[in-house]
S.K.: 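Sharing a structure below in structure tokens format, with a few things to ask.
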Amino acid sequence: MIELAVIGAAGRMGKRVVSLAAESDDFTIVDAVDMPDCPDAGRDVGEIAGTGTLGVKLADDFSGNPGVAVDFSLPEGTMKYLPLCRKKGVAMVIGTTGFTESQLAEISDSADDIPIVRASNFSMGINLLLKLAGEVASSLGEDYDIEISETHHRFKKDAPSGTAVAIAESICKATGKKYDEAAVFGRSGSRPRRSGEIGMHSLRAGDTIGEHTVYFGNLGETVTLGHSAHTRDTFVRGALRAAGWICGRKPGLYGMGDVLGI
Ligand code: NAD
């Protein structure tokens with residue numbers, strides 16, 4: 001049985017992590033943390049998630065001895081619990097998105113001491129799409145314009161989505177481009193499209209869970225790769241799979257491709 005800590009346990013993703021981990025025979029939840037001023041602070045985390053009493057209260061520090069912490073919070077939440085996990089030797093599965101370069105460097109540095117899986121998207125389909133997008137871009141070549149669009153719910157804080165950035169980075173890696181130079185965010189005005197740029201477009205509407213589309217267009221055809229997530233549980237199942245996989249691994253920074261073997 002894997003002893004699990006859930007970071008951001010009162011959030012949309014955190015509640016589903018609690019529910020699916022509680023249903024599983026592989027996990028036992030020993031800690032659940034969120035903001036100290038969270039309205040649910042001190043309540044039983046199973047009751048918050050709607051799965052019945054689990055005997056673990058929502059806190060802002062670890063009191064048990066988790067083997068793995070699954071984090072879906074905000075970058076500030078990840079950066080608060082990262083040093084604690086490092087000190088206690090707790091493996092991490094990080095699903096939070098929107099990190100700065102220096103925060104990413106700190107995560108990478110911590111992976112010298114603990115195993116960490118970080119993925120901006122834990123779905124199997126998106127991880128396959130990440131691989132395919134790079135392959136399609138390098139096969140089609142420079143004559144195909146690349147545009148990425150993503151749609152998420154109105155509450156999402158970061159834009160473009162971490163997944164859209166990961167898709168663009170995968171394309172850049174496969175084609176020898178630099179993301180910072182190639183990415184263009186939204187379009188307005190009268191500037192013509194430059195060859196080689198990657199257009200990034202973010203839509204925020206209603207309760208859309210997550211949609212990503214990559215367009216490869218030239219003067220005659222468009223190739224489209226797309227993915228729609230119908231439920232957050234898709235990501236949660238992937239994160240719990242990563243939590244099972246990471247137990248007992250050597251320290252290091254892993255991706256979902258490592259977990260899935262693709
Ligand atoms: P949410 O706002 O519903 O939940 C976030 C939770 O984290 C909240 O309960 C909030 O109080 C808590 N939190 C914020 N700061 C904290 C801190 N300093 N300490 C402790 N807790 C803190 O958001 P969500 O929709 O559940 O998404 C959470 C994150 O997961 C976002 O970054 C989102 O982009 C990401 N996400 C990733 C994937 C993936 O597959 N990797 C999938 C969905 C969402």
Side-chain angles (χ1 to χ4, degrees), residues 5-21 31-43 45 48-50 57-62 66 69-85 92-100 103-104 106-107 116-130 150-167 169 202 204 206-212 227-243 246 253-260:
V6 183
I7 302 172
R12 282 176 289 265
M13 289 295 292
K15 283 193 263 196
R16 294 309 300 155
V17 173
V18 169
S19 292
L20 294 193
D31 279 303
V33 295
D34 206 287
M35 296 286 277
D37 59 354
C38 165
D40 287 315
R43 282 186 65 207
V45 75
I48 298 167
K57 302 253 185 265
L58 188 68
D60 65 347
D61 200 358
F62 296 167
V70 173
D71 163 55
F72 287 97
S73 60
L74 279 179
E76 300 75 49
T78 313
M79 300 330 283
K80 174 176 172 188
Y81 292 99
L82 181 70
L84 185 64
C85 288
M92 286 188 88
V93 172
I94 299 177
T96 299
T97 60
F99 295 109
T100 62
Q103 289 169 333
L104 288 174
E106 203 174 323
I107 292 170
I116 298 175
V117 178
R118 188 180 79 80
S120 43
N121 196 305
F122 279 102
S123 96
M124 170 89 111
I126 277 288
N127 281 281
L128 187 59
L129 189 145
L130 283 176
E150 53 97 350
T151 308
H152 282 86
H153 50 88
R154 63 171 68 155
F155 307 105
K156 184 164 178 63
K157 297 199 171 80
D158 54 319
S161 70
T163 303
V165 174
I167 295 169
E169 285 176 342
S202 299
R204 296 290 173 263
D207 57 357
T208 307
I209 289 178
E211 296 185 353
H212 291 86
H227 180 270
S228 293
H230 306 161
T231 160
R232 289 188 171 81
D233 289 3
T234 300
F235 311 120
V236 173
R237 288 201 183 91
L240 290 176
R241 183 168 171 167
I246 204 169
L253 187 56
Y254 302 96
M256 201 51 191
D258 298 310
V259 177
L260 297 173

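Counting starts at 1 for both ligands and their atoms, in listed order.
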S.K.: Going by the atom numbers of ligand 1, which of them fall below 4.0 Å from some non-hydrogen atom of F235?
M.R.: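 Once the distances to F235 are compared, the set is 40 (O), 42 (C), 43 (C).
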S.K.: Quick test of your reading of the structure: of D158, T97, D34, I48, whose heavy atom lies closest to atom 33 (C) of ligand 1?
M.R.: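 Among D158, T97, D34, I48, the closest heavy atom to atom 33 (C) of ligand 1 belongs to T97.
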S.K.: Would F122 count as being in polar contact with ligand 1, using the rule that some N or O on each side must be under 3.5 angstrom apart?
M.R.: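 By distance alone, the answer is yes.
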S.K.: Is there a nitrogen or oxygen of V33 sitting under 3.5 Å from a nitrogen or oxygen of ligand 1?
M.R.: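 No, there is no polar N/O contact under 3.5 Å.
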S.K.: Does any N/O atom on S120 come nearer than 3.5 Å to any N/O atom on ligand 1?
M.R.: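 N/O-N/O distance below 3.5 Å exists for this pair.
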S.K.: Would you say R12 has any N or O atom under 3.5 Å from an N or O of ligand 1, going by distance alone?
M.R.: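 So ligand 1 has an N or O lying under 3.5 Å from an N or O of R12.
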S.K.: Can you measure from CZ (R232) to CZ (R12) and round to the nearest 0.5 angstrom?
M.R.: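 The distance works out to 5.5 Å.
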S.K.: How far is atom 38 (C) of ligand 1 from the closest protein heavy atom, and which atom is that?
M.R.: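 The closest heavy atom on the protein side is F72 CE2, 3.6 Å.
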S.K.: Report yes or no: does T97 contribute a side-chain atom to a donor-acceptor pair with the main-chain N or O of G162 at less than 3.5 Å?
M.R.: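 Judged by distance alone, no pair lies under 3.5 Å.
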S.K.: For ligand 1, which atoms have a heavy atom of G77 less than 4.0 angstrom away?
M.R.: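 This gives 16 (C), 17 (C), 18 (N), 19 (N) as the contact atoms.
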S.K.: Any sub-3.5 Å donor-acceptor pair from T96's side-chain atoms to P75's backbone N or O?
M.R.: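 Pair absent, no side-chain N/O of T96 close to backbone of P75.
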S.K.: Would you check whether R232 has a nitrogen or oxygen atom less than 3.5 angstrom from a nitrogen or oxygen atom of ligand 1?
M.R.: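 No - when backbone and side-chain N and O of R232 are compared with those of ligand 1, no distance drops under 3.5 Å.
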S.K.: Judged on heavy-atom distance to atom 16 (C) of ligand 1, which of K15, H153, M35, M13 sits nearest?
M.R.: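 Looking at heavy atoms only, the winner is M35.
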S.K.: With a 4.0 Å cut-off on heavy atoms, is C38 in contact with ligand 1?
M.R.: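 So C38 does not count as touching ligand 1.
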S.K.: Is it true that atom CE of M124 has more than 12 heavy atoms of other residues, nucleotides or ligands lying nearer than 6.0 Å?
M.R.: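 No.
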S.K.: Which heavy atom of A242 sits nearest to which heavy atom of F122, and what is that distance?
M.R.: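 Shortest heavy-atom contact: CB-CE2, 4.0 Å.
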S.K.: Looking only at distances, can you tell me whether any N or O atom of K80, backbone or side chain, sits closer than 3.5 Å to an N or O atom of ligand 1?
M.R.: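 No - when backbone and side-chain N and O of K80 are compared with those of ligand 1, no distance drops under 3.5 Å.
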S.K.: With a 4.0 Å cut-off on heavy atoms, is A10 touching ligand 1?
M.R.: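 For ligand 1, residue contact (heavy atoms, under 4.0 Å) with A10 is present.
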S.K.: We want to know whether S161 and H212 form a side-chain donor-acceptor pair, criterion being a heavy-atom distance below 3.5 angstrom.
M.R.: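 There is such a pair (donor and acceptor under 3.5 Å, judged by atom type) between the side chains of S161 and H212.
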S.K.: Atom 31 (C) of ligand 1: which of A41, G95, S73, P39 has the nearest heavy atom?
M.R.: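 Ranked by closest heavy atom to atom 31 (C) of ligand 1, first place is S73.
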S.K.: Determine whether the side chain, the backbone, both or neither of A239 has a heavy atom under 4.0 Å from any heavy atom of ligand 1.
M.R.: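 Looking at A239 and ligand 1, no heavy atom falls under 4.0 Å.
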S.K.: Look at the side chain of N127 and the backbone N and O of N121, then say whether any donor-acceptor pair between them is shorter than 3.5 Å.
M.R.: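 Here the side-chain-to-backbone pair exists.
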S.K.: For residues I94 and I116, report the shortest heavy-atom separation together with the two atoms involved.
M.R.: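 Where I94 meets I116 most closely, the heavy atoms are CD1-CG2, 3.8 Å.
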S.K.: Under the rule for ring-ring contact (aromatic ring centres under 6.0 Å, His included), what residues qualify as partners of Y81, not counting sequence neighbours?
M.R.: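 Checked Y81 against ring-ring contact (aromatic ring centres under 6.0 Å, His included); matches are F62.
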S.K.: As an exercise, state the distance from CG of D258 to CE of M256, rounded to the nearest 0.5 Å.
M.R.: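 The distance works out to 10.0 Å.
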S.K.: Classify the contact between K156 and ligand 1 as side chain, backbone, both or neither, using a heavy-atom distance cut-off of under 4.0 Å.
M.R.: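 Looking at K156 and ligand 1, just side chain atoms fall under 4.0 Å.
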S.K.: Write out the residue and atom name of the closest protein heavy atom to atom 4 (O) of ligand 1, then the distance separating them to 0.1 Å.
M.R.: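 The protein heavy atom lying closest is G11 CA, 3.2 Å.
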S.K.: Under 4.5 Å between any side-chain heavy atoms of L240 and L20, yes or no?
M.R.: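 Counting from C-beta outward, L240 and L20 do come under 4.5 Å.
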S.K.: Just heavy atoms, cut-off under 4.0 Å: does S161 contact ligand 1 by side chain, backbone, both, or neither?
M.R.: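 None of S161 does.
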S.K.: Check ligand 1 against E76 and write out every atom of the ligand that is under 4.0 Å from a heavy-atom position of the residue.
M.R.: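 In order of number, 18 (N).
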S.K.: Hey, is ligand 1 close enough to I7 that some N/O pair sits below 3.5 Å?
M.R.: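 No, no N or O pair falls under 3.5 Å.
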S.K.: For D207, is the CG atom crowded, meaning more than 12 foreign heavy atoms sit under 6.0 Å from it?
M.R.: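 Not more than 12 within 6.0 Å, no.
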